[in-house]
Protein chains: 2
Amino acid sequence: MSLRHALLTSLMEKPCTGAELARRFEKSIGHFWQASHQQIYRELAALEADGLIEVRGLATARGSQRHFAVLAGGRNELERWCLLSADPHPVREALLVRLRAAAVLGTVDLASEVRRHLGLHQDSLRRYQAIQGRDFAEGSPLTPAGELQLAVLRAGIEFERAWLAWCQQTLCEGLSEKK
Amino acid sequence: MSLRHALLTSLMEKPCTGAELARRFEKSIGHFWQASHQQIYRELAALEADGLIEVRGLATARGSQRHFAVLAGGRNELERWCLLSADPHPVREALLVRLRAAAVLGTVDLASEVRRHLGLHQDSLRRYQAIQGRDFAEGSPLTPAGELQLAVLRAGIEFERAWLAWCQQTLCEGLSEKK
DNA sequence: TACATTTATGCAACTTGTTGCACAAAGGAG
DNA sequence: CTCCTTTGTGCAACAAGTTGCATAAATGTA
């Protein structure tokens with residue numbers, strides 16, 4: 001049920017329309033939680049039905065912009081959910097299934113695929129580091145909220161670094177079957 | 001569609017029953033792909049319907065053991081899927097949503113939750129390292145298949161290490177709101 | 001103004017993962 | 001042998017995520 005709470009969080013940061021939310025999910029929130037616009041509209045409808053958010057301004061008809069804002073109930077719900085304890089999501093990565101499959105097949109070489117992933121993780125890492133350099137320059141004082149945002153960014157960086165290191169080491173250790 | 005291929009892989013390593021697969025998913029495969037027994041039975045039925053696996057031995061009725069084995073079509077399907085390129089699954093971690101929510105709420109302290117996650121990641125890391133020490137002792141020569149299995153294990157280790165480091169640094173940087 | 005393009009909203013069907021339960025068989029204890 | 005527990009199989013309902021498309025409004029252009 002995190003999409004609901006990711007939406008509430010984003011709307012608390014700044015009330016906006018569904019399309020704007022979708023854009024934000026692509027850019028910032030999407031670094032740790034993704035959602036398509038269809039998912040977003042569906043969940044916005046549910047949130048409205050549950051009285052956790054409301055439409056601000058003119059809700060004329062289909063196709064016209066609808067601005068949403070969080071109600072008191074929504075804030076309470078977000079706080080309640082935040083205080084629950086929840087275990088980390090386990091790894092679920094198809095590439096690892098494919099490695100294991102390659103091991104049992106013996107006829108598939110995944111070296112180029114690992115090399116491709118290495119490049120993708122490198123790109124992500126650089127993107128995150130660019131944001132860090134831009135928004136969280138060295139030595140500048142941080143508000144408590146800023147510290148939390150930086151922590152989220154650091155998670156992305158650690159994560160990408162870990163995969164990057166893994167790809168490199170895996171390639172070094174003669175991944176190819178055709179030696 | 002990775003569950004299907006994880007099952008094919010596991011059945012190629014060793015044909016077995018649904019319950020045995022479920023146990024293997026809990027132990028080894030579950031480190032990078034999880035599935036409940038209900039999911040497994042459902043997918044086994046689909047695989048059988050598609051002619052990719054077959055029942056070996058006596059398939060009497062409900063409640064009696066059914067042993068499955070991969071057919072040629074299944075092996076081909078696994079190989080085909082293995083050769084497709086697929087992007088890494090993006091991060092999707094509720095704790096990060098909660099951090100961001102805490103940042104905007106300003107009234108929630110997630111320090112103890114981060115500490116709890118730190119402990120969980122520590123446990124996972126130790127478990128992986130124990131397996132590494134047991135099955136892949138230093139300097140022993142590895143078959144190509146063994147190298148791939150070790151690579152999968154290393155992924156788990158890198159991943160847990162990254163989260164561990166993140167938890168530690170996040171706790172150091174005054175996560176608590178109540179300073 | 002008329003028309004085409006882009007943006008925003010949204011439905012419907014499908015796939016995948018989760019939860020709760022039910023029933024059959026196997027195996028042990030009396 | 002009978003009862004009881006455990007193990008194995010499986011259905012059904014639901015929740016969450018994905019894909020494809022439809023329609024309305026806003027915007028640009030002839």
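Just so you know, these numbers use all the heavy atoms, side chains as well, and skip hydrogens, waters and symmetry mates. In what follows, chains are A, B, ... by sequence order, proteins preceding strands, each numbered from 1. Owing to the predicted nature of the structure, the values given are computational and were not obtained by experimental measurement.
We find that CG of B:Leu3 is positioned 10 Å from P of C:dT18, with the value rounded to whole Å. Straight-line distance from the CD atom of B:Gln38 to the P atom of C:dT16: 17 Å, rounded to whole Å. One can place CD of B:Glu43 at 16 Å from P of D:dT9, the figure rounded to the nearest angstrom. Here D:dT18 presents its P atom at 6 Å from CD of A:Gln39, a figure rounded to the nearest Å. Straight-line distance from the CD atom of B:Glu26 to the C1' atom of D:dG8: 14 Å, rounded to whole Å. As rounded to whole Å, 15 Å separates atom C1' of C:dT7 from atom CG of A:Leu21.
Over its length, the helix from C:dT1-D:dA30 to C:dG30-D:dC1 turns its helix axis by 0°, as judged from the five terminal pairs at each end, rounded to 10°.
A parallel orientation is assigned to the rings of A:Trp81 and A:His5, their planes being inclined by less than 30° (bins at 30° and 60°). Below 30°, between 30° and 60°, or above 60°: for A:His31 and A:Tyr128 the angle between ring planes is above 60°, a perpendicular geometry.
B:Arg23 comes within 4.0 angstrom of sugar-phosphate atoms only, judged by non-hydrogen atoms across all strands, and of no base. A:Arg92 comes within 4.0 angstrom of sugar-phosphate atoms only, judged by non-hydrogen atoms across all strands, and of no base. As judged by a 4.0 angstrom heavy-atom cut-off over every strand, B:Gln34 is placed among residues making no nucleic acid contact.
In terms of modelled atom types and a separation under 3.5 Å, the side chain of A:Glu113 and the main chain of B:Ala86 share a donor-acceptor contact.
Comparing atom distances between the B:Ala19 side chain and each of D:dT18, D:dG8, C:dC21 picks out D:dG8 as nearest.
Positionally, the nearest nucleotide of DNA chain C for A:Gly18 lies more toward the 5' end than for the other of B:Met1 and A:Gly18.
The CG atom of A:Leu148 lies 9.0 Å from the OG1 atom of B:Thr170; values are rounded to the nearest 0.5 Å.
B:Arg92 has its side chain out of reach of A:His89: every pair of non-hydrogen atoms, C-beta onward, lies at least 4.5 Å apart.
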